[in-house]
Protein chains: 2
Amino acid sequence: MMRNIFLGFIRIHILHHANEGDIFGVWIMNELRRHGYSIGAGTLYPILHSLEKEGYLKRRDEVVNGKVRKYYRITEKGVNALEEAKPKIKELVEEVI
Amino acid sequence: MMRNIFLGFIRIHILHHANEGDIFGVWIMNELRRHGYSIGAGTLYPILHSLEKEGYLKRRDEVVNGKVRKYYRITEKGVNALEEAKPKIKELVEEVI
DNA sequence: CTTTCAATATCGTTAAGCGATACTATGCTA
DNA sequence: TAGCATAGTATCGCTTAACGATATTGAAAG
């Protein structure tokens with residue numbers, strides 16, 4: 001029951017965090033686990049790729065501690081999508097809560 | 001983007017309405033359309049069936065205008081699930097909004 | 001007993017989620 | 001400079017969910 005909702009929300013959460021700073025796959029997985037949710041790599045990475053492909057995120061490769069990380073940051077299009085989504089989500093949630 | 005979120009929410013919406021009164025398939029479809037969302041029969045009915053099977057809803061058949069309707073109403077288990085879900089949803093949404 | 005109609009049900013296809021496993025590129029060690 | 005260890009990313013194959021389209025149901029009307 002909650003898993004569905006969480007999954008529906010995951011793209012919004014990703015955009016939200018990518019709006020506040022640079023994020024990367026493993027960081028997101030940890031962040032979500034901190035909040036009691038978990039997502040596998042096989043789910044997360046395809047989502048990141050599609051968000052990038054659709055222009056909501058942009059990618060920047062960087063070497064950190066000798067390992068390559070793919071940092072993602074929100075784009076203008078992503079910001080717009082996020083801002084458009086917020087009131088709709090609010091409406092959707094407030095009816096029930 | 002919004003479709004995902006809406007779909008994640010649909011079970012909660014169904015439970016919510018089934019908590020306020022008797023509901024049935026077509027009514028739900030219309031109710032959602034009023035709010036700007038749509039769901040096909042091929043998606044909705046399997047969801048209703050599974051919610052019933054898992055004990056969140058109970059069904060009652062009734063004849064209305066010479067047609068058989070399957071009315072659904074929330075169960076005790078459904079009420080519990082709904083009440084448990086609310087604060088989690090709130091938390092999930094408030095971080096982003 | 002045939003037709004009509006609102007409503008429900010399901011079939012076959014497409015898309016999404018997921019665990020498991022493999023890959024990549026760098027720094028470290030010697 | 002060859003070899004190894006490791007964080008992080010990528011993808012394969014399977015399972016489950018969403019969906020449009022089409023079929024089925026059963027009471028009532030004629």
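So that the names make sense, note that chain A is the first sequence line, chain B the second, and so on, each numbered from 1. For the numbers below, each heavy atom of this structure counts, side chains included, while hydrogens, waters and symmetry mates do not. Being a predicted model, the structure only gives us computed values, none of them experimental.
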Could you state the NE2-P distance from His49(A) to dT11(D), rounded to the nearest angstrom?
6 Å
Sorted by position of nearest nucleotide on DNA chain C, 5' first, the leading residue of Asn65(A) and Ser38(A) is Ser38(A)
Using atom CG of Asn4(A) as one end and atom P of dT16(D) as the other, report the distance to the nearest whole Å.
14 Å
Measure NZ/Lys67(B) against P/dA28(D) and give the value in whole Å, please.
9 Å
Taking NZ from Lys53(B) and P from dA9(C), how many angstroms apart are they, rounded to a whole number?
13 Å
For dA10(D), take OP1 and OP2 only and decide whether either is under 4.0 Å from a side-chain N or O of Tyr45(A).
no
Contact class for Leu7(A) vs. all strands (heavy atom < 4.0 Å): base, sugar-phosphate, or nothing?
sugar-phosphate
Under 3.5 Å, is there a donor-acceptor pair between the side chain of His17(B) and the main chain of His13(B)?
yes
About how many Å separate CZ of Phe24(A) and NZ of Lys70(A), when rounded to the nearest 0.5 Å?
13.0 Å
Regarding the side chain of Tyr72(A), the nearest nucleotide among dA10(D), dT11(D), dG8(D) is dA10(D)
Does a nitrogen or oxygen in the side chain of Thr43(B) sit under 4.0 Å from OP1 or OP2 of dC19(D)?
yes
Quick check: do Met2(B) and Phe6(B) have side-chain heavy atoms less than 4.5 Å from each other?
no
Below 4.0 Å: OP1/OP2 of dA10(D) and any side-chain N or O of Arg69(A)
no
The side chain of Phe24(B) is closest to which nucleotide in this list: dT8(C), dG27(C), dA9(C)?
dT8(C)
N/O (side chain, Arg11(A)) to phosphate O (OP1/OP2, dG17(C)) under 4.0 Å
yes
Taking only N and O in the side chain of Lys70(A), is any of them less than 4.0 Å away from OP1 or OP2 of dA10(D)?
yes
Using heavy atoms to find the nearest nucleotide of DNA chain D for Met29(A) and Arg3(B) separately, return the residue whose nucleotide is more 5′.
Met29(A)
Reckon Leu48(B) touches a base, only the sugar-phosphate, or nothing at all at heavy-atom distances under 4.0 Å?
nothing
Expected output: side-chain Lys77(B) to main-chain Leu57(B) donor-acceptor under 3.5 Å:
no
How close or far is atom P of dT16(D) from atom CD of Glu54(B), stated in whole angstroms?
13 Å
Most 5' of Ala41(A) and Gly8(A) on DNA chain C, judged by nearest nucleotide
Gly8(A)
Lys67(A) (side chain) donor-acceptor with Asn65(A) (main chain) under 3.5 angstrom
yes
Separation of Asp61(A) atom CG from dA10(D) atom C1', in whole Å?
13 Å
Atom-to-atom span, CD of Glu52(A) to P of dT9(D) - whole angstrom
12 Å
Whole-Å distance between dA6(C) C1' and Glu62(B) CD?
15 Å
